[in-house]
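Treat the numbers as computed from the prediction; the structure is a model and nothing was measured. Within every chain, numbering begins at 1; the chains are lettered A, B, ... in the order of the sequence lines, protein sequences first and strands thereafter.
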Amino acid sequence: MFWSQLYVPTLRENPAEAEVVSHQLLLRAGYVRQLAAGIYSYLPLAQRSLLKIQQIIREEMDAIGGQEMLLPALNPAEVWKESGRWDVMGDNMFRLKDRFGRELCLGMTHEEVMTSLARGEVRSYKQLPQIWYQIQTKFRDEPRPKSGLLRVRQFLMKDSYSFDLLPAGLDVSYEKHRVAYNKIFERCGLKFIAVEAHSGAMGGSQSHEFMVESNAGEDLVAVCESAGYGANLEKAVSRPVAPATADDETALEPEEFSTPNQKTIAELVAFTGVAATGLIKSVVYVGDEKPYLCLLRGDHQLSETKFSSATGAVEVRPAHPAEIQDWFGAAPGSLGPAGVKNMPILADLTLEGRHNLITGANKDDFHLRNVTPGEDFTAAFHDLRQVAEGDTHLETGAPLKIVKTVEIGHIFKLGYKYSESMGLKVSDQDGKEVTVIMGSYGIGVERILCAAIELFHDENGMSMPASIAPFQVVITPASYLDPAVKAAGEQLYKECKALGLDALLDDRDERPGMKFKDAELIGIPYRITIGKKLPNGIVEVQTRRGRTSADVAISEAAAHVAQLIRV
RNA sequence: CGGGGCGUGGCUCAGCCUGGUAGAGCGCCUGGUUCGGGUCCAGGAGGCCGGAGGUUCGAAUCCUCUCGCCCCGACCA
């Protein structure tokens, strides 16, 4: 490709609307343009890069026996009603009606359509297992699209679905995907981690997320490199920081004391002189419209996901102050387990075996001291606590750190959720009908591009991995007016193409500085500059990442770059 | 949905408070100049100031409504 014929509208300044780096650079480097909130047009550079990403995904999916299909993005309501998700998806689903008033939606994921397809086709256990996938546009009416291509309303997703006769088969399909995903993200040049993910309210199913560390991300994960542990914060477990002081284990009776206007943990710590670890935090949550009193150590936070798992509740929300007043006869800030009979009491595991703690008295402006879990109140103990900075790995005690990440892939053992609700069954060896067990596996295609930019950029622009860069090498004749330089550029371009390199020749009549700036902005990993040293048969090969360069004989230049890319 | 910010040539922004003929830089076009890190000079095109209504002799500027975009939060299969 010749640059003069390629549409690359680079901008000198960052567009005002962009805040995260990948968004700024995608706009500045002329990769994308925005049409509306969360809706983008992909210009030639983005399209080239995205096609390369898709090709890598395709090759690795095919390698595990995946079969590519393409399902409709426009879905009838019926299949979604069958699975129950027509209602569950709520406002996140784009819905429309056809001319006859029939309800349709734009697909936000394809479990339903895939299951519907499979149940019409697959009859026998002999046809299993199957892995079916597609790379397709998904539509989600996000409440708040943001961060450029990271959270959008229309995006490309590779979604695959496995169908197996038995759970052991699902394990195999899942493992195949895990391996394939690792290969895909490695080939895309990303630095990523696979972490345990929350598996939803059904429980039992396994799930992993593939994450790239980035401040632009929205997910927090806890990682411990030395223990090889990583988990989404929703799911993560840890060893908490030990209480600041040992408990007085004398058997003491609870004793009410006055705490005027002391509501928060911080205020109580200041008021009583007792460390937060010596306090019980009382949080009232509503799960599926039933109230629960959740008790945590003063310095801990409730994990809504763990609360949901502990109670089995699907709809989870904090109680309203008015509800609390009604149930406890006191306002938040003076709550505790004492005398609570009208709702279940859940206590975090860190409270088990503690003695003589401080908690609210369920009486405004009063607290109780000397409250001992198990003696002064009974509670069901669960892991309810969100892992916090400073915690250590549960088994090894090695430090955990909490990092912000972008989710680029998610693999999930679905189990029987869709096959059961939608009736996907096959005959087994004995001619008995058996419900098929499924897995579903997603990759956000644009997020790979974003993550690569977030990971690899500097003040000059992007520094794309060679495997997914729009071009692998740019040939930059310092001046296209010099006939010798121009001829050498064109010759070198031919040599690169002959070696199978995806090359771009900057044939524009621009000053060299401008060409260098543009090439670095759009992130082409290698640049061959033809200029001053041409009379000696020398050109310069620059590596974008780190901006190191080497003088190479012009006859060797193409092969030299090919060599660099292969490594 | 709650809170905040912003809409002025393609891009970045000034002008608005205190109403009076719409500006700058970059980009674009023409001519010249220059040619290894976003050359320099000269000339030129391009905007009914997001939209609607109102106040006023007069509105980019003041008021009301509305649309859009961004950020924080809520939400997130």
Protein-nucleic acid N or O pairs under 3.5 Å, nucleotides 33-35 of chain B:
| unit_1 | atom_1 | unit_2 | atom_2 | d |
| --- | --- | --- | --- | --- |
| B:rU34 | O2' | A:Arg511 | NH1 | 3.4 |
| B:rU34 | O2 | A:Arg511 | NH1 | 2.8 |

Pairs under 3.5 Å (N/O, protein and nucleotides 71-75 of chain B):
| unit_1 | atom_1 | unit_2 | atom_2 | d |
| --- | --- | --- | --- | --- |
| B:rC71 | OP1 | A:Ser147 | N | 3.2 |
| B:rC72 | OP2 | A:Arg144 | NH1 | 3.1 |
| B:rC72 | OP2 | A:Arg144 | NH2 | 2.7 |

A:Arg153 CZ to B:rG68 C1', straight-line distance once rounded to whole Å:
11 Å

Please report the distance separating the C1' of B:rG68 from the corresponding atom of B:rU55, rounded so that it comes out in whole Å.
26 Å

Go ahead and name the base partner of B:rU64; Watson-Crick or wobble counts if both distances stay under 3.5 Å, otherwise write none.
B:rA52

P atom, B:rG15 versus B:rG19: distance in rounded Å?
15 Å

Using 30° and 60° as the class limits, which term best fits the ring planes of A:Phe185 and A:Phe210: parallel, tilted or perpendicular?
tilted

Which of the following nucleotides, B:rU12, B:rC70, B:rG36, is nearest to the side chain of A:Tyr40?
B:rC70

Counting N and O atoms only, with roles assigned by atom type, does the side chain of A:Ser308 sit under 3.5 Å from a partner on the main chain of A:Ala313, one being a donor and the other an acceptor?
yes

Could you measure between the two P atoms, the one in B:rG43 and the one in B:rG51, and give it in whole Å?
32 Å

Partner of B:rA24 under the Watson-Crick or G-U wobble criteria, both distances under 3.5 Å, comes out as B:rU12

Can a salt bridge be assigned to the pair A:Glu520 and A:Lys515 using a cut-off of 4.0 Å between side-chain N and carboxylate O?
no

Between B:rG36 atom P and A:Lys517 atom NZ, what is the distance in whole Å?
16 Å

If I take atom CG in residue A:Asn14 and atom C1' in nucleotide B:rG10, what distance separates them, rounded to the nearest angstrom?
16 Å

Whole-angstrom distance between B:rC17 and B:rU12, as gauged at atom P
24 Å

Contact class for A:Arg527 vs. all strands (heavy atom < 4.0 Å): base, sugar-phosphate, or nothing?
base

Going by an N to O cut-off under 4.0 Å, is there a salt bridge joining A:Asp159 and A:Lys138?
yes

Reckon A:Arg317 touches a base, only the sugar-phosphate, or nothing at all at heavy-atom distances under 4.0 Å?
nothing

Compare the minimum distances between each of B:rG37, B:rC69, B:rG36 and the side chain of A:Thr529, then state the nucleotide with the smallest one.
B:rG36

Given atom CD of A:Glu540 and atom P of B:rG37, what is their separation to the nearest angstrom?
11 Å

On a whole-Å scale, what distance lies between the P atoms belonging to B:rG20 and B:rC62?
11 Å

Protein-nucleotide distance (A:Arg28, atom CZ; B:rC26, atom P), rounded to Å:
16 Å

Could you check if a side-chain atom of A:Phe456 sits within less than 4.5 angstrom of a side-chain atom of A:Arg545, using non-hydrogen atoms only?
yes

May I ask you to decide whether A:Arg151 forms a salt bridge with A:Glu142, counting only side-chain N to carboxylate O separations under 4.0 Å?
yes

When you look at CG of A:Asn215, are more than 12 heavy atoms from neighbouring residues, nucleotides or ligands closer to it than 6.0 Å?
no

Regarding the side chain of A:Gln34, the nearest nucleotide among B:rC11, B:rG37, B:rC69 is B:rC69

Would you mind telling me which of B:rG38, B:rG36, B:rC11 lies closest to the side-chain atoms of A:Phe516?
B:rG36

Distance, rounded to the nearest Å, where A:Ile538 contributes CD1 and B:rG36 contributes C1'
16 Å

Tell me whether A:Arg544 forms a cation-pi arrangement with A:Tyr526, defined as NZ or CZ under 6.0 Å from the six-membered ring centre and within 45 degrees of its axis.
no

Considering every strand and a 4.0 Å limit on heavy-atom distances, what is the contact class for A:Glu234: base, sugar-phosphate, or nothing?
nothing

Both A:Ala16 and A:Met108 contact RNA chain B. Which one's nearest nucleotide lies toward the 5' end?
A:Ala16

Pairs in or reaching into residues 2-21 of chain A: which pass salt bridge (charged side-chain N to carboxylate O under 4.0 Å, His left out), with residues at least two apart or in two chains?
none

With rounding to whole Å, what would you report as the distance between B:rC28 and B:rA22 at their P atoms?
27 Å

Measuring to OP1 and OP2 of B:rC26, would you say a side-chain N or O of A:Arg12 lies under 4.0 angstrom away?
no

Would you classify A:Met89 as touching base, sugar-phosphate or nothing, given that sugar-phosphate means primed atoms plus P, OP1 and OP2, and contacts are heavy atoms under 4.0 Å?
sugar-phosphate

Which part of the nucleic acid does A:Ala18 contact within heavy-atom distance under 4.0 Å: base, sugar-phosphate only, or nothing?
nothing

Closest-nucleotide ordering on RNA chain B, the 5'-leading residue of A:Gly531 and A:Gly38:
A:Gly531

Taking the same atom, C1', in B:rC26 and in B:rG9, what whole-Å distance lies between them?
12 Å

A:Gln301 side chain reached by A:Arg385 side chain, heavy atoms, under 4.5 Å:
no

Pairing partner of B:rA42 (Watson-Crick or G-U wobble, both distances under 3.5 Å)
B:rU30

Using a cut-off of 4.0 Å on non-hydrogen atoms, how would the nucleic acid contact of A:Asp518 be classed: base, sugar-phosphate, or nothing?
base

When the ring planes of A:Tyr493 and A:Phe2 are compared, do they come out parallel, tilted or perpendicular, using 30° and 60° as the limits?
perpendicular

Which value, in whole Å, describes the distance between the C1' atoms of nucleotides B:rC13 and B:rC57?
33 Å

Please work out whether the ring planes of A:His208 and A:Tyr174 are parallel, tilted or perpendicular, with thresholds of 30° and 60°.
tilted

Go ahead and name the base partner of B:rC69; Watson-Crick or wobble counts if both distances stay under 3.5 Å, otherwise write none.
B:rG5

Gap between atoms CD1 and P, on A:Ile522 and B:rG38 respectively (whole Å)
18 Å

Write down the distance between CD1 (A:Ile524) and P (B:rG37), rounded to a whole number of angstrom.
21 Å

